[in-house]
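These notes are about the structure you will find just below.
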2 protein chains.
Amino acid sequence: MRLFSMVDRSKLINPRDSRQLCAGAPLYAAGSAGLAWRVRHGVVRLDTPSPTGESAFASLAIAGDIVGCETLLFGAYTFSASALTHCELSPWPEGETATAGESLLESLAIAQRRAADVVALRGGQAVDRVVGLIRLLTDHGGKVVLPTRQDIADITNLRFETISRIIKGLERSGVLATVRIEGVHATRAYAVNLEAAVG
Amino acid sequence: MRLFSMVDRSKLINPRDSRQLCAGAPLYAAGSAGLAWRVRHGVVRLDTPSPTGESAFASLAIAGDIVGCETLLFGAYTFSASALTHCELSPWPEGETATAGESLLESLAIAQRRAADVVALRGGQAVDRVVGLIRLLTDHGGKVVLPTRQDIADITNLRFETISRIIKGLERSGVLATVRIEGVHATRAYAVNLEAAVG
DNA sequence: CGCATTTTTGATACACGTCAATCTCCGTGG
DNA sequence: CCACGGAGATTGACGTGTATCAAAAATGCG
């Protein structure tokens, strides 16, 4: 098994199989069965069903990550998944069985990296956590559509009032600026200048 | 590929290959190259090198988890690893190349589950986080050797003084009781009665 | 236009952080 | 065997960053 190279997977994707989700829409529920997915765009939120009945934030999945693979082993999802932002998913595995080992190894490495990112979003000062999350969500053009205050609060382990205050603060200090992106809710779409947040 | 079964891997392990580490001992450093390992006993702490030079807690690996697999893809470790408790590791992969896909899929599922556990340790009331960690560390006989206060603090995102106060409190309320296990530092080995912590 | 939902803002409380002084454990060497 | 020293743990007093509670304002939708 060759280990030091990666697969160009782009030609293997059939666009007809991909699935689009609006922000907030559920993808699957813990305990049910279904497909595993690869996140192609956007961000997925994973939740663990907690003993008390409600569910608690568990992790994030971003472009490139695989979600729900446990259903292939156990026949049921461990977590619930929902779209944090508008996103696009394609079924997994993608037919590259010949290179399955390599692809999986890469996915494992990505999962561990992602886990560390999420852990980092739950430590340090409140502002830094929020900025850290925004950094994760921002596209290369410097634009973000933020999740609801409540979602941000769940991820960073803060309260939505605190998130509101912080985001307003970032706006006032010029780190975030409201923009309108093709009809997207104006209070959630921002242009980002994160370098300013460092100083 | 059969997906709904798991591999009995026990007969594949060569005891001569396994490696023992004392609590606190480093396993590998971020950026260097080496083997990937499966954790057989004990708990490993992973740290990300932070921009400021120091390193920050990133994740935990417990019996069954795989650490350092990114070195097989990139030729360098992403995290630093050290033993949180006395632990035993064996090189990975373990020679079961025939079933590599299945084994990896299982590892990926475990990694995601573990990530959720660690995230949960950084949310909620301070006492609950500490109890949650102790729960993760406790063996089936109800015994734990706790890491240092500082390590617990790093993992739960609290300060070591706070951890000290909480653990003393748990002792006083009968949830933890100091015991002596074959010469192990008495202030770190405990018998646990975690049910008492729920009430 | 009016209603439900989300966001903002204010006032106040408290859990945990911070700083600093001991204390305990345990290895070392006289 | 005991004095010494260093690392980790404990404890106290005090400060502060967020949580909490409550109310108003903004937003989006039918």
Side-chain angles (χ1 to χ4, degrees), chain A residues 22-25 56-57 82 84-86 121-134 144-173 176-190, chain B residues 22-25 45 56-57 82-86 121-134 144-173 176-190:
Chain A
C22 293
F57 171 75
S82 58
L84 200 64
T85 64
H86 179 272
L121 293 178
R122 300 191 133 222
Q125 292 286 92
V127 193
D128 299 326
R129 298 190 218 173
V130 176
V131 170
L133 177 58
I134 294 176
V144 225
V145 177
L146 292 184
T148 64
R149 305 286 182 266
Q150 185 59 61
D151 276 325
I152 299 176
D154 293 342
I155 296 166
T156 55
N157 192 39
L158 299 162
R159 302 300 121 167
F160 69 87
E161 297 96 327
T162 306
I163 303 297
S164 181
R165 280 182 246 264
I166 289 171
I167 289 183
K168 261 294 159 196
L170 292 175
E171 284 188 65
R172 287 195 257 261
S173 62
L176 291 176
T178 317
V179 294
R180 181 165 287 278
I181 310 178
E182 27 176 311
V184 170
H185 194 307
T187 61
R188 296 212 191 150
Y190 290 94
Chain B
C22 292
R45 168 185 171 155
F57 171 76
S82 58
L84 199 64
T85 64
H86 179 271
L121 293 178
R122 301 190 132 222
Q125 293 284 93
V127 193
D128 299 327
R129 297 190 218 173
V130 175
V131 170
L133 177 58
I134 294 176
V144 225
V145 178
L146 291 184
T148 63
R149 304 288 181 263
Q150 185 60 61
D151 275 325
I152 299 177
D154 293 343
I155 296 166
T156 54
N157 191 39
L158 299 162
R159 304 298 122 166
F160 70 89
E161 298 96 327
T162 305
I163 303 297
S164 182
R165 279 182 249 263
I166 288 172
I167 288 183
K168 262 292 161 196
L170 292 174
E171 284 188 66
R172 286 195 258 261
S173 61
L176 290 176
T178 317
V179 296
R180 181 164 287 277
I181 309 176
E182 28 179 311
V184 170
H185 196 303
T187 60
R188 297 214 191 150
Y190 290 94

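Naming: A, B, ... by sequence-line order, numbering from 1 per chain. Only heavy atoms go into these numbers, but all of them, side chains included; no hydrogens, no water, no symmetry mates.
Rounding to the nearest 0.5 angstrom, the gap separating the CD1 atom in B/I152 from the CZ atom in B/F160 is 12.5 Å. One finds the CZ atom of B/R122 at 8.0 Å from the CG atom of B/D154 (value rounded to the nearest 0.5 Å).
With B/R129 as the partner, the side chain to side chain contact (heavy atoms under 4.5 Å, CB included) test is satisfied by one option alone out of B/N157, B/I163, B/T162: B/N157.
Overall bending of the helix from C/dC1-D/dG30 to C/dG30-D/dC1, expressed as the angle between end axes built from five pairs apiece, is 40° (10° steps).
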Sugar-phosphate means primed atoms, P, OP1 and OP2; the rest is base. With that split, encode nucleotides 6-16 of chain C 5' to 3' as B, S or - using protein heavy atoms under 4.0 Å.
SBBBBB----S

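Residues A/A126 and A/L158 approach most closely at CB-CD1, 3.8 Å, considering heavy atoms. When all heavy atoms are compared, the tightest approach of B/L84 to B/I155 is CD2-CD1, 3.6 Å.
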Name each donor-acceptor pair under 3.5 Å that joins a side chain in residues 164-171 of chain A to protein atoms two or more places apart or in another chain, with its distance.
{"from": "A/E171", "atom 1": "OE1", "to": "A/T178", "atom 2": "OG1", "distance (Å)": "3.4"}
{"from": "A/E171", "atom 1": "OE2", "to": "A/Y190", "atom 2": "OH", "distance (Å)": "3.4"}

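Under the 4.5 Å side-chain criterion, counting only non-hydrogen atoms from C-beta, A/R188 is not in contact with A/V144.
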